[in-house]
Amino acid sequence: MLVLGIETSCDETGVALCDGALGLLAHAVHSQVELHDAYGGVVPELASRDHIRRLLPLTRKVLADAGKRPADLDAVAYTAGPGLAGALLVGASFAESLAFALGVPALPIHHLEGHLLSPLLALDAPRFPFVALLVSGGHTQLMRVTGVGAYELLGETLDDAAGEAFDKTAKLLDLGYPGGPAVARLAEQGTPGRFKLPRPMLASGDLNFSFSGLKTAVLTLLRAEAMTAAQRADLAAEFQEAVVTVLVAKALAAVAHAGLARLVVAGGVGANRRLRATLDTAAARAGVQVFYPAPDLCTDNGAMIAFAGVLRISAGCPPSRPATAGSFEVMPRWPLQLLSEPA
Ligand code: KG4
Ligand code: ZN
């Protein structure tokens with residue numbers, strides 16, 4: 001079974017080919033970072049237009065890299081949400097048209113399902129059930145995953161997502177866009193603890209998060225004094241430490257709450273080195289096994305969408321959204337746990 005995956009939910013155009021038996025055959029990502037850099041964030045209209053420019057060449061490249069032809073495809077999977085409406089529509093119309101022309105099914109895939117299943121692409125893949133920590137630019141969630149399509153929400157952020165907090169803090173520190181990697185780089189030159197930031201909701205007794213207060217605390221410190229380069233690095237390090245401390249504590253609390261011993265980390269913030277190091281140490285102490293996607297599959301990509309398509313077909317899952325003959329829709333807002341409920 002050969003599935004083409006199309007990802008266009010935000011500022012990366014991702015295309016990939018996944019084989020049911022052989023796994024990932026080829027994948028390619030075009031990042032729009034340079035396009036949006038001048039604006040300090042993603043401009044939705046520019047994102048949509050660029051997806052249109054990139055999709056066809058990327059699809060041709062991926063097919064050529066894998067030595068396949070369009071006629072070899074058994075299905076076309078695409079991100080149907082959540083994300084930017086216009087950007088999603090580009091991928092959805094491309095995928096639906098291609099599938100229609102080839103006479104194969106088009107599979108709408110939930111973007112976060114793609115992220116949380118992506119560690120299963122690795123050789124050392126976790127078995128079900130596990131707890132997933134989803135940490136992206138738009139979401140911070142803890143889910144109990146019992147199988148493909150079976151997701152129970154354990155906790156989530158009440159305001160900003162972890163990635164969003166990194167991005168907003170980067171803006172305050174004039175580090176540009178995208179913020180996460182830039183804050184992480186600056187943090188490596190600083191020392192946490194020299195400034196004091198809160199650890200929001202660390203002792204809340206539940207599995208929810210809140211990150212919006214952190215950027216306000218960073219802003220207050222920046223306004224209070226003119227900082228040297230070294231102080232800015234210390235502030236970045238303390239900010240990163242605050243986010244990482246809360247993520248690690250709540251993720252391990254969720255694993256204990258679910259009575260499990262496996263944790264999967266997915267989404268862009270999962271690429272953060274400090275998060276990985278701290279989590280690995282704490283998890284080893286707690287007897288919890290942690291699984292990450294390959295570093296290039298942490299941020300948005302088509303491979304996770306193609307792979308989610310393969311897994312859904314193999315598991316005989318019903319479509320994520322009921323199909324309507326002759327039309328399709330995208331879901332800019334789409335709670336992941338709805339996938340577990342009958343359509
Ligand atoms: O999963 P993703 O690529 O896109 C969404 O679905 O949102 O995640 C992007 C987010 C951005 O907020 C970005 O700043 C953050 O992940 N990010 C990082 C790192 N790399 C990406 N945050 C912290 N440290 C990193 N190394
Ligand atoms: Zn994502």
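Each ligand, and each atom within it, is numbered from 1 in the order the structure gives. Worth knowing before you read on, the calculation uses all heavy atoms, side chains too, and leaves out hydrogens, waters and symmetry mates.
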Kindly say whether [Y] contributes a backbone atom to a donor-acceptor pair with the side chain of [X] at under 3.5 angstrom?
{"X": "K250", "Y": "M201", "answer": "yes"}
{"X": "S31", "Y": "E12", "answer": "no"}
{"X": "T140", "Y": "A162", "answer": "yes"}
{"X": "R194", "Y": "L235", "answer": "no"}

**Request:** Output the atom name for the N/O/S atom of D300 with the smallest distance to the Zn ion (ligand 2).
**Result:**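 This residue's closest N, O or S atom turns out to be OD1.
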**Prompt:** D280 versus Y292: any side-chain heavy-atom pair under 4.5 Å?
**Reply:** yes
**Asked** For ligand 1, which atoms sit closer than 4.0 Å to a heavy atom of G163?
**Response** 12 (O)
**Complete:** For T299, the atoms of ligand 1 under 4.0 Å from one of its heavy atoms are 3 (O)
So which protein heavy atom does [atom] come closest to, and at what separation?
{"atom": "atom 6 (O) of ligand 1", "answer": "H111 NE2, 3.1 Å"}
{"atom": "atom 14 (O) of ligand 1", "answer": "D167 OD1, 2.6 Å"}
{"atom": "atom 20 (N) of ligand 1", "answer": "G268 O, 3.4 Å"}
{"atom": "atom 24 (N) of ligand 1", "answer": "N272 ND2, 2.9 Å"}
{"atom": "atom 18 (C) of ligand 1", "answer": "G180 CA, 3.6 Å"}

Any non-hydrogen atom of [X] lying under 4.0 Å from ligand 1?
{"X": "G138", "answer": "yes"}
{"X": "C10", "answer": "no"}
{"X": "H115", "answer": "yes"}
{"X": "R273", "answer": "no"}

**Request:** Could you tell me the separation between the CG atom of L88 and the CD atom of E7, rounded to the nearest 0.5 Å?
**Result:**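 Atom-to-atom, L88:CG and E7:CD are 8.0 Å apart.
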Do [X] and ligand 1 have an N or O pair less than 3.5 Å apart?
{"X": "G137", "answer": "yes"}
{"X": "D300", "answer": "yes"}
{"X": "F166", "answer": "no"}
{"X": "G267", "answer": "no"}

**Message:** Classify the ring geometry of H110 against W334: parallel below 30°, tilted from 30° to 60°, perpendicular beyond 60°.
**Reply:**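 Rings of H110 and W334: tilted, as their planes differ by 30° to 60°.
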**Prompt:** Would you call the rings of H115 and H111 parallel, tilted or perpendicular, where under 30° means parallel and over 60° means perpendicular?
**Reply:** perpendicular
**Request:** Would you indicate whether R60, at its atom CZ, is surrounded by more than 12 heavy atoms from other residues, nucleotides or ligands within a distance under 6.0 Å?
**Result:** no
**Message:** Does R274, at its CZ atom, have more than 12 non-hydrogen atoms belonging to other residues, nucleotides or ligands within less than 6.0 Å?
**Reply:** no
**Asked** Is the ring centre of F195 less than 6.0 Å from the ring centre of F239?
**Response** no
**Prompt:** Do any of the N/O/S atoms of H115, backbone or side chain, fall under 2.8 Å from the Zn ion (ligand 2)?
**Reply:**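 A backbone or side-chain N, O or S atom of H115 is under 2.8 Å from the Zn ion (ligand 2).
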**Asked** Is the Zn ion (ligand 2) less than 2.8 Å from an N/O/S atom of H111, whether that atom is in the backbone or a side chain?
**Response**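 Within the cut-off used here (under 2.8 Å), H111 does place an N, O or S atom near the Zn ion (ligand 2).
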